[in-house]
Amino acid sequence: MMKWYERVDREKPAVISSRIRLVRNWNQYVFPSRLTPDAGEEMIRQLKYGLRELGTADGRDYEYEDLQKLSELDKKALRERRVINSTIAAKKAPAGLILSEEEDAGIVLNGTDHIRIQLLSAGMHLEELWKQADRIDDFINEKFEYAFDEKYGYLTSFPTNMGTGLRASVILHLPSLSMGKKFHGLTSEMSRFGASVRSVYGDENENYGALYEVNNQKTLGISEKEILDLVTRVALQLSAQETQVRKMAMEKHGLECADEAYKSYGVLKYARRLSYKDAMTFLSQLMSGLDDGILETKEPCAVYRLMLGIQSASLQKLSDRPLGKNELDMARAAYLRRELPELR
């Protein structure tokens, strides 16, 4: 079965993926940071047993993983694919993961909060993901009563998550817009409306792959609908501006754009060694070439899947031994030669 990030959704080319995340806590236990290991294990056992029919309820096939028993490499690979975050990956106390076969739905047990629900998809689908997350949330709450306050909403380990406990986010590909002098001011302006725009890989000065994540800053004093509307509005605005800038570039510098796209494809398809930075840069240019109609592959090409696949832990998992830096660069190039479809 295909993973969610292997799917190609070109309805809005600049939009890579959508994510909904909910955090909840069971009112029978203190927050995870104060739980003893024994209490944490007991709570996880009860949650796991209570959620054993989750797949029947939402139609997905789920597997359970004990995060304590996973290798550091496996946890790093899960973090690279955005299944868990760095805090959960580094946690030494008991924690569990209920993950769907497509990795589009996951529930972390006893992470930073007792329950962390996450839904992911390619393209712009926040509304649909929210409906799915809401159904899962109701299913869990029927069995485990949440810590909730009439004034402050859902009680969470971090005050920044209180209220709805909802984080909605969209990843955008903004290679042209982000090169403009006004981009930093534009993203800073978004914070006035309660939205955050940050680099996914690298930083503001050097963002590998030109991927940016838009999410809501507030969870308290704002409804779920308002959060979804805010993130959707900001993401679509940035997406539309990226499309406009790219269209102007194609009209004025079509040959240069085509040359860049074909050169990037050639390097990715035939290079014998690629650094992470170079690979992300060329994949970003490849993505632009596909979205602009300059390039066409024989099979659908999910460039974001390739961006995930060239991360260090993912490459290490394909090898039967630890790889040094030069070997990783060679493995990265070999992976791209193997996975990149032929052009039509």
Side-chain angles (χ1 to χ4, degrees), residues 5 12-23 76 78-90 111-112 116 118-126 129 156 158-220 222 226-243 245 276-277 279-281 283-284 287-288 303-304 307-308 310-312:
Y5 48 80
K12 299 185 185 304
V15 179
I16 304 303
S17 66
S18 303
R19 179 175 72 162
I20 290 291
R21 191 211 67 191
L22 288 172
V23 290
K76 186 177 180 182
L78 288 172
R79 180 169 59 82
E80 289 175 351
R81 300 199 301 276
R82 299 173 69 82
V83 174
I84 59 176
N85 59 31
S86 56
T87 303
I88 294 171
T112 49
R116 176 183 180 268
Q118 177 173 275
L119 279 296
L120 291 151
S121 78
M124 174 66 84
H125 299 289
L126 284 181
L129 293 181
T156 58
F158 295 98
T160 51
N161 289 327
M162 287 176 61
T164 61
L166 169 64
R167 293 282 175 185
S169 66
V170 175
I171 291 181
L172 303 172
H173 182 228
L174 306 174
S176 298
L177 191 62
S178 61
M179 290 178 63
K181 296 179 180 179
K182 297 181 179 180
F183 182 70
H184 181 66
L186 177 64
T187 56
S188 297
E189 183 74 11
M190 298 301 178
S191 65
R192 292 180 54 211
F193 302 100
S196 169
V197 183
R198 65 178 183 85
S199 302
V200 176
Y201 300 110
D203 53 36
E204 292 180 355
N205 298 319
E206 192 169 28
N207 179 2
Y208 308 146
L211 298 184
Y212 293 85
E213 183 173 33
V214 179
N215 60 30
N216 56 299
Q217 293 179 322
K218 295 170 56 180
T219 59
L220 182 64
I222 183 171
E226 288 172 325
I227 290 172
L228 296 176
D229 289 346
L230 168 66
V231 175
T232 299
R233 185 169 66 252
V234 171
L236 291 180
Q237 180 180 344
L238 291 172
S239 173
Q241 292 188 42
E242 170 69 23
T243 300
V245 173
Y276 172 66
K277 176 183 175 181
M280 289 294 287
T281 300
L283 284 170
S284 173
M287 191 184 295
S288 296
V303 181
Y304 185 57
M307 288 180 166
L308 294 177
I310 64 168
Q311 306 292 318
S312 60

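If you read the sequence from its start, that first residue is 1, and numbering goes on from there. Everything quoted here is computed from the prediction, not taken from an experiment. Excluded from the calculations below are hydrogen atoms, water molecules and symmetry mates; all remaining heavy atoms, backbone and side chain alike, are included.
- Taking CD1 of Ile222 as the start and CG of Asp229 as the end, the distance is 9.0 Å to the nearest 0.5 Å.
- A donor-acceptor pair under 3.5 Å is formed between the side chain of Ser188 and the backbone N or O of His184.
- Summarising the geometry of His125 relative to Ala122, their closest heavy-atom pair is CD2-O, 2.9 Å, with the distance given to 0.1 Å.
- How far CG of Asn85 is from CZ of Arg21: 8.0 Å, rounded to the nearest 0.5 Å.
- In this structure, Met307 and Ile16 have side chains that are not in contact, with every pair of non-hydrogen atoms separated by 4.5 Å or more.
- In terms of heavy-atom proximity, Val214 sits nearest to Val231 at O-CG1, 3.8 Å.
- Side-chain atoms of Lys76 and Ser312 include a donor-acceptor pair closer than 3.5 Å.
- For Glu242 (side chain) and Pro13 (main-chain N/O), no donor-acceptor pair under 3.5 Å exists by modelled atom type.
- Considering Asn207, Leu238, Val170 as possible partners of Tyr212, the one that fulfils the side-chain contact (heavy atoms from CB on, under 4.5 Å) test is Asn207.
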Practice problem: Run the numbers on Leu174 and Phe183 for side-chain contact (heavy atoms from CB on, under 4.5 Å), then give the verdict. | Solution: CA-CA 10 Å; Leu174 306 174; Phe183 182 70; 4.0 Å; yes
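- Shortest non-hydrogen contact noted between Gln217 and Ser191 is OE1-O, 3.4 Å.
- Of the possible polar contacts, none joining the Ser239 side chain to the Ala235 backbone as a donor-acceptor pair under 3.5 Å is found.
- In this structure, CZ on Phe193 lies 8.0 Å from CZ on Arg233, to the nearest 0.5 angstrom.
- Considering all non-hydrogen atoms of both residues, Ala279 and Ile310 come closest at CB-CD1, 3.6 Å.
- For the pair Phe158/Thr112, a side-chain contact is recorded, criterion being any heavy-atom separation below 4.5 Å from C-beta on.
- At least one donor-acceptor pair under 3.5 Å links the side chain of Thr164 to the backbone N or O of Thr219.
- Inter-residue side-chain proximity for Ile20 and Leu228 is flagged as met; some heavy-atom pair is nearer than 4.5 Å.
- Smallest separation of non-hydrogen atoms from Arg81 and Leu308: CA-CD2, 4.4 Å.
- Leu211 is not listed as a side-chain neighbour of Leu172, based on a closest heavy-atom distance of 4.5 Å or more.
- Here the straight-line distance linking atom CZ of Arg116 with atom CZ of Arg167 works out to 11.5 Å at 0.5 Å rounding.
- The CD atom of Glu226 lies 9.0 Å from the CG atom of Leu230; values are rounded to the nearest 0.5 Å.
- Of the possible polar contacts, one joining the Asn216 side chain to the Leu166 backbone as a donor-acceptor pair under 3.5 Å is found.
- The CZ atom of Arg19 sits 4.0 Å away from atom OG of Ser169, with the distance rounded to the nearest 0.5 Å.
- Contact of the Leu120 side chain with the Leu129 side chain is not registered, since no non-hydrogen atoms from C-beta on lie closer than 4.5 Å.
- When all heavy atoms are compared, the tightest approach of Gly209 to His173 is O-CD2, 3.3 Å.
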Quiz item: Between Leu78 and Ile88, does a side-chain contact (heavy atoms from CB on, under 4.5 Å) hold up when you go through it step by step?
Solution: CA-CA 10 Å; Leu78 288 172; Ile88 294 171; over 6 Å; no
